[in-house]
There are 2 protein chains.
Amino acid sequence: MDTKNADLAALRDALGERLVTEATIVNGYENDSSRAVFTGATLGLVLAETADDVSLALAWAHERGIPVSIRGAGTGLVGGAKAYDGGLIVSLERMNQIVSVSPDDRLAVVQPGVITAELDAAAHEHGLFFPPDPASARTSTVGGNIATNAGGLRCVAHGVTSDWVSALTVVLADGRILRTGALTRKNVVGYDLTRLFVGSEGTLGVIVEAAVRLESLPEGDPVTFWAEFDGLAEAGAAVTEIVNSPARPEVLELLDALTVQIIEDVFPSGMRIPAGALLVGQTVGSDAAKHAETILDISRRLGASAAQIAADDSLVEARRMSNPALSARGLKVSCDVGVPVSALAEVFTGIAAIAERHGIEVASVAHAGDGNLHCKVAAPDTPAGLAQADALIDDITRLALSLNGTITGEHGIGLVKHHELPWQLDEVALDVQRAIKRTLDPRDILTPGRAV
Amino acid sequence: MDTKNADLAALRDALGERLVTEATIVNGYENDSSRAVFTGATLGLVLAETADDVSLALAWAHERGIPVSIRGAGTGLVGGAKAYDGGLIVSLERMNQIVSVSPDDRLAVVQPGVITAELDAAAHEHGLFFPPDPASARTSTVGGNIATNAGGLRCVAHGVTSDWVSALTVVLADGRILRTGALTRKNVVGYDLTRLFVGSEGTLGVIVEAAVRLESLPEGDPVTFWAEFDGLAEAGAAVTEIVNSPARPEVLELLDALTVQIIEDVFPSGMRIPAGALLVGQTVGSDAAKHAETILDISRRLGASAAQIAADDSLVEARRMSNPALSARGLKVSCDVGVPVSALAEVFTGIAAIAERHGIEVASVAHAGDGNLHCKVAAPDTPAGLAQADALIDDITRLALSLNGTITGEHGIGLVKHHELPWQLDEVALDVQRAIKRTLDPRDILTPGRAV
């Protein structure tokens, strides 16, 4: 038995059948939902059931300098959970218990492998909900959402995942267990380590438990509204005015005509195809109808060709299917840029010019109320085709930065966007980021070479 | 000329008259508003006018290992801005410009020395406001509020200061200038360094510029309400129910009878003195009157002896004067604990028992909607008297911790609470906190020995 096998035997002794090495099983844990494809061989897969399992696995890897990839449901879009050749995979899917829900404190304690929509459903039983709502909420996990600081449809009203995390239990690279935060609404004891781990994309530690905040369900049913515009830029200008009105939508999404057409093709539901762009959203609470009318009035005044209250929420449901629909049609190369909301019209005008210059059709979907855009393009599966698509995405990314924007609003950096990092962060910022990484993971075993 | 004077000459060459050494001036910058009293002698005071001034001063101190205290308006309550013997003081009071207000993006860029209420007033000109609202808003600075992650009266509706900071410019210990965050609503590029610096109490860097988020002013005028209870515990139970109702107060404060009596004695305004406790708050927006009635109904049902809409906001204004009033009456020894809001009744019952056991009268004021309590006691200015008061405060702090609480909700750790840090943070947490401090300030010059 060589050293590697002897080492693995030590881990097997500790974890028993929670360490899996059968290739047919392990292969299913090597990739995420990005276009990064794993080639190589891992040492094995840990199907962790407890914080101690994670601690044992990391301490073992830390001692040996073995790279570790960490995954919830594998829904990530930037390669953050892709396995490492010669590495260990830690899966948190079995740590899927909702530990407690405390209605009076509007808090829930959950394990990382809980599906986000299941947490939301558990909160509903107490008249509460979990506001973070990525489009993947029915398949992605709370742990993954926290590790990437996921966004989603309701951010325009409720902020991002980090706004809803009160406390974390994290296994550090060397296996030690760290507790951050508090169960109180306010807490200023020491540095905000909770926020440091939220969005750290698996590079600083493994989240094994989280206390998250819940919100009271609004009164009544949501009101869904829609408006059609001749172009994205016109719709963008309307969005800028809407988010600064008293209307306060809970959802405010923008889809271009190509995206609507593809969603309707792949998941037919009878959607109208707009000439240029479809604005769709929801208002909630006792003033929901009044607020929806305010939004429709603004839309009409700023050029909407049609604008109406919808009979049901099917348009919002259709919006949630944009990513699988576009992917099914081969539009897999994506970006996730953000701009200040005042720059929405300008960024859409610029994207149209970039698409024309490259001669590639771009499908755009935006969490418009937050200024967060996802543009997707098709690319032939050849190096030249991918390079062409990447060049277009790079141009859109630089456009966003030129408008005081960001290279990623919610998907994270991961592997896929790692080359873009120095476009946004200067030398000092990169240096501080990496110094923190070295401090917490000196042997660089946790998701190495990604995020920072 | 000895080495120290030669060194100081180098700093004077760089800063000119922005370096002040006249004792009569410097003395005014040596203490904050806590009971920590500076004795000793500083090397001088830097009245910084630009980020470069701060950078020069820190680089100079870093090279020489000289401790630096940093201050805005000196309103801190935990000794965070107290000077160091042989140290340098950096004051940011001259960096007091509102650089820009961008209404469409609901963002303002400000220098750290801007008085918080002045930022709020500037936002009002655009139909916006700056939600963080510490009781000291008319005297404390935005930079100080960010450095301590200040709370205040409106947190129950709008969260704490950190929820409103988008981006920072920070001078690091060695003089390098770091830019964190982005001007977009969502941004997941690298670790959340903005949040790391918010609340770091001057121990990681000096904030020299901040982009802060603003919010649209609610419709109509606020509605002020009040309710009187026979005791704090009864009032606490009502608060737990109120914050989980649809009423959503913007302010929800609780004052015990002793506090009300002292405010009325020091700043007479005709306040009624309740038998046990006064609950006072405000609702805002188009449903303000309806929501206030909901709160009054809950209060009456849970035992309020009187509960009414107020004719004006004078009760909230009176509440803002509680700290100066109590201090004027010698109640200077304070705590700032927090508990989950479901534990409010229990913590008040426990505090009454502790007060009785110690034979010391306790005045309590609470940002009740957040479960954040400030208890203050008088102590004779003798070592024995102070020790007695400290022992009582320690008991209250341990009580809060036993209820899943925190040792500080908004004032910070600073110098005064430093001994309590290990009560809340375990060895791993302390180790991680201090490792981050060492990484960013390896020579330990920035506010050394405090906060972490």
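Lettering follows sequence order; numbering is per chain, from 1.
Applying the 6.0 Å contact sphere to CD of B/E293 captures more than 12 heavy atoms from other residues, nucleotides or ligands.
For B/L421, the part lying near chain A is the side chain, with the backbone staying farther off; criterion is any non-hydrogen pair under 4.5 Å. Within the 4.5 angstrom heavy-atom criterion, no atom of B/L107 approaches chain A. At a 4.5 Å heavy-atom cutoff, A/L128 makes no contact with chain B through either its backbone or its side chain. For B/L178, the parts sitting under 4.5 Å from any heavy atom of chain A are the backbone and the side chain alike. Using a 4.5 Å cut-off between heavy atoms, B/A429 touches chain A through backbone and side chain atoms alike. Both the backbone and the side chain of B/K437 come within contact range of chain A, with heavy atoms under 4.5 Å apart. In this structure, no portion of A/R438 lies under 4.5 Å from any heavy atom of chain B. For B/N372, the part lying under 4.5 angstrom from a heavy atom of chain A is the side chain only. Only the side chain of A/Q424 comes within contact range of chain B, with at least one heavy atom under 4.5 Å from a heavy atom of that chain. Contact of A/E201 with chain B is made through the side chain alone, with heavy-atom distances under 4.5 Å. Only the side chain of B/D426 comes within contact range of chain A, judged by heavy atoms closer than 4.5 Å.
The distance from atom CD1 of B/I407 to atom CG of A/N187, rounded to the nearest 0.5 Å, is 8.5 Å. The CG atom of A/D105 lies 8.5 Å from the CG atom of B/N404; values are rounded to the nearest 0.5 Å.
Within residues 212-220 of chain B, the residues having any heavy atom under 4.5 Å from a heavy atom of chain A are, by residue number, B/E215, B/S216, B/E219. At a heavy-atom separation below 4.5 angstrom, chain A is approached by B/T240, B/V243, B/N244 within residues 236-244 of chain B. Taking 4.5 Å as the heavy-atom cut-off, the residues of residues 154-166 of chain B that approach chain A are B/C155, B/V160, B/D163, ordered by number.
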**Item:** Residues B/V188, A/H411; criterion side-chain contact (heavy atoms from CB on, under 4.5 Å); working and verdict
**Value:** CA-CA 7 Å; B/V188 290; A/H411 292 170; over 6 Å; no

**Request:** Check the pair B/H367 / A/R185 against side-chain contact (heavy atoms from CB on, under 4.5 Å), numbers first and verdict last.
**Result:** CA-CA 11 Å; B/H367 302 305; A/R185 305 293 281 191; over 6 Å; no

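A donor and an acceptor atom, one from each side chain of A/T184 and B/T406, are nowhere located under 3.5 Å apart.
Remark: B/H291 engages no residue in a ring-ring contact (aromatic ring centres under 6.0 Å, His included) (not counting sequence neighbours).
Residue with the most contacts toward chain A among B/R176, B/E420, B/R248, B/K290: B/R248 (heavy-atom pairs, distance under 4.5 Å). Across A/S342, A/P246, A/S286, the residue that shares the most heavy-atom pairs under 4.5 angstrom with chain B is A/S342. Per-residue heavy-atom pair counts under 4.5 Å with chain B were compared for A/V452, A/T439, A/V189, and the maximum is reached by A/V189. Of the listed residues A/E410, A/R195, A/E427, A/R106, the one with more heavy-atom pairs under 4.5 angstrom with chain B than any other is A/R195. With chain B as the partner, the residue from A/S200, A/S102, A/G199 showing the most heavy-atom pairs under 4.5 Å is A/S200. Chosen from B/L204, B/V337, B/N149, the residue pairing most often with chain A at heavy-atom distances under 4.5 Å is B/L204. For the options A/I177, A/L193, A/T180, heavy-atom pairs under 4.5 Å to chain B are most numerous at A/L193. Note: A/L183 leads A/L430, A/L183, A/D192 in heavy-atom pairs under 4.5 Å with chain B.
Between A/V432 and B/L440 the shortest side-chain heavy-atom distance falls below 4.5 Å.
Taking both residues in full, the closest heavy atoms of A/K186 and B/G152 are given as NZ-N, 3.8 Å, listed atom of the first, atom of the second, then distance.
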